[in-house]
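Step one of this worksheet: look at the structure below.
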Amino acid sequence: MKVEGDAGERRDRRGLPVRSESFTASRPPRWDGQPGGCGIASCISLHGKPVPGDRIARMLTIMGERENGLGAGYACYGLFPHRKDQYCLQFFFDDEEGKHRVEDFLGDRLDVVHDEKVFTRSRSTISPPYPLVWRYFADVPRTREWNGRQDLGEEDYLVELVQHINERVEKAFCISSGKDMAVFKGNGYSYEIADFYDLERYSGTMWLSHSRFPTNSPAWWAGAHPLSLLDWGVCHNGEITSYGVNRKLVEMNGYRCTVLTDTEVVVYLWDLLVRRNRLPVEVAAFVMAPWTFQDIALMPPEQRRLAEWLRITYREAFLNGPFSIIVGRSRPETSLIALADRKKLRPMIVGLSPEEDMAYCASEESSIRIVEPEASTWAPEAGNPFVATVGKGIVRRGTENPFQGVRT
Amino acid sequence: MGPDQRPKGQGTEEVCGKECMTIQGDRAVVDLGLSKVQPMHFTTLNCIMRMAMRQGCKRIELKGVMGQRYIASTASDEGLYITIRGTPGNDLGAFLNGPTIEVFGNAQDMTGNTMNSGRIIIHGNAWDVTGLAARGGRILVRGDTGYRVGIHMKEFGDTRPTLVVGGTAKDYLGEYMAGGTILVLGLDRTAPVVGRSVGAGMHGGRIFVRGTVAPQQLGPAASLFPLTEGDREEVRELMDDFQRSFSLEVDVDPSQFVKVAPSSSRPFSGYYDKTNI
């Protein structure tokens, strides 16, 4: 039996209407009851050649057991070779009104040089409504002011604008704001989202993707992964049980949490640690998935000093709980970073093509094998980042010492 | 559950992908590349395999496997032999009870989940959580394994699970182990043979590791012991089986092994049971 919650009568203790549906002996619809866990997949061309979008779609859709139709998404890097120096702000709008609000807000705050509708199919098996997806290519003006401050750097200024829109501007949500990249996501199965955006029409040097099996946060279009800020894109499988502590740290540093999911703190942490605090990638990874103090005590003295210093300085940036994440960035170079928690409670496999020109990373080996049958595969260690960069190849295999190559 | 809400891929025998299977005598060949639905769903594959078993096939050959989960789970025919080419998905041979599965490639996570008897032979790597909660049977892995391998294996009477890893294993090997034997050979090793927290919380069974295990690699409740004559006999038997299964010559002396076993049969009794009965 199904009972519709009556918004007019039921209210919680804060006086807010309760709109939950209640199910007794009948299963909730569209819940197929299969065991799951999010699926993540990514590929990067180490020589910077364009990779068509259907390749990443094949990688993701094969892990159908890892999703339940409540969210999937793709991020493409190296997507706009002719406009790679402009920020690409991609939005979801509920309707035209949201678009007008955003355009009014952006006004002279950004120099919008071009805007276009992002192709989406008008018909899909995803249940409507669908958002209006629009992208703006913009430069940050030389003289800019935000809340009376005129000294903000280009990127900090853009972060403020994006977060203001996501927090305050109704009927609009900025889903990506980086250079030379864009995010395509929504509330459906991975194959539905690939079809909805017609991914075959795009190609880029790096792709990230994620199919969702939401367990503790709502399913909505803007909340699907990849979550993105500036050129960071993050796909995440697992849950961040230290969310409260991490959220405090990022909020103290000026970020605002607007997506209703634990993954967004991971995006802000990468931005804070690597872009603002200028930590090397492997050091930032150690901060998020550090060794235990017992193991740190066994490190050589110089490394031990660094490790202890990092654990103490950034103790609120320690991500606790099971996770495996795939992180992308387009500057200074297009790079793929893959990291699992320090006990490897979520799967992560990487692969390299026989010609050593393509690197892959996914939750399951089959995801790599379906596009590269002869790939050599290995599993990065727990808490040890795998890093691949366009033009440089595989920078870290995820089996090295934590601070190898980092000068102390 | 109405027909429109049925999990995708779940078919009845009338509609499942019989076009992929050819049966000659007691030998069935299933080529997943011929399936009308690509990639074939695991429910369809298991449906075809059950059909072959019912028709008395003693040998099932799967080709082009690509991430299908739960292959041969609960299969109970002792004489059945299954070969897999490609990459089988998670939970390969879950609750397996008798058959032999041979994989020419890598296996994903949770191979041999709670298996009861039978053999699983992996010619490549088997990633995380291999042999979890196994209650019997034998798993042989030519290459490396990942994290939490052999977690919560258990034995009862004569039923004793065994797991042989040719390469290396990572952290939490044999965590909460209650019985059975794990042997890690560390052949062509490029990494430490085992990771940290070996045998954390174990209260039964034994883990044999070639080379050394440092005290800080041991988990709580696990200790190092010298091998007894009975242990050496078991190591020899497992190594013989490993060499036969992979047609390999392994030049390893049983004296090169250390044994990790529980410090006591009730490692955490003090935590929950103040009277310590």
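Everything numeric here is computed off the predicted structure, so don't read it as measured data. In what follows, chains are A, B, ... by sequence order, proteins preceding strands, each numbered from 1.
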Rounded to the nearest 0.5 Å, the CG atom of A:Leu345 sits from the CG atom of B:Asp128 at a distance of 9.0 Å
Between A:Trp378 and B:Trp127 the two heavy atoms that sit nearest each other are CA-CH2, 3.9 Å
Expected contact set for residues 287-299 of chain A against chain B at heavy-atom separation under 4.5 Å reads A:Trp291, A:Asp295, A:Leu298
Counting only heavy atoms not in A:Glu355, do more than 12 fall under 6.0 Å of its CD?
yes
To the nearest 0.5 Å, atom CG of B:Asp171 lies from atom CZ of A:Arg342 at 11.0 Å
| message | Test your reading of the model: is there a side-chain donor-acceptor pair from A:Arg369 to the backbone of B:Val65, 3.5 Å cut-off? | response | no
Bottom line for B:Asn90: the part with an atom under 4.5 Å from chain A's heavy atoms is side chain
Counting heavy-atom pairs under 4.5 angstrom with chain B, the leader among A:Glu364, A:Glu381, A:Met63 is A:Glu364
In terms of heavy-atom contacts, B:Thr87 and A:Ser366 come closest through CG2-N, 4.2 Å
Nearest heavy-atom contact between B:Arg148 and A:Lys343 is NH1-O, 2.8 Å
Turns out that what part of A:Thr399 lies under 4.5 Å from chain B's heavy atoms comes down to neither
In terms of heavy-atom contacts, does OH of B:Tyr176 have more than 12 from other residues, nucleotides or ligands at under 6.0 Å? no
* Asked: Quick one: are B:His41 and A:Glu65 in side-chain contact, heavy atoms under 4.5 Å?
  -> yes
The side-chain contact (heavy atoms from CB on, under 4.5 Å) partners of A:Glu200 (sequence neighbours excluded) come to A:Asp54, A:Asp198
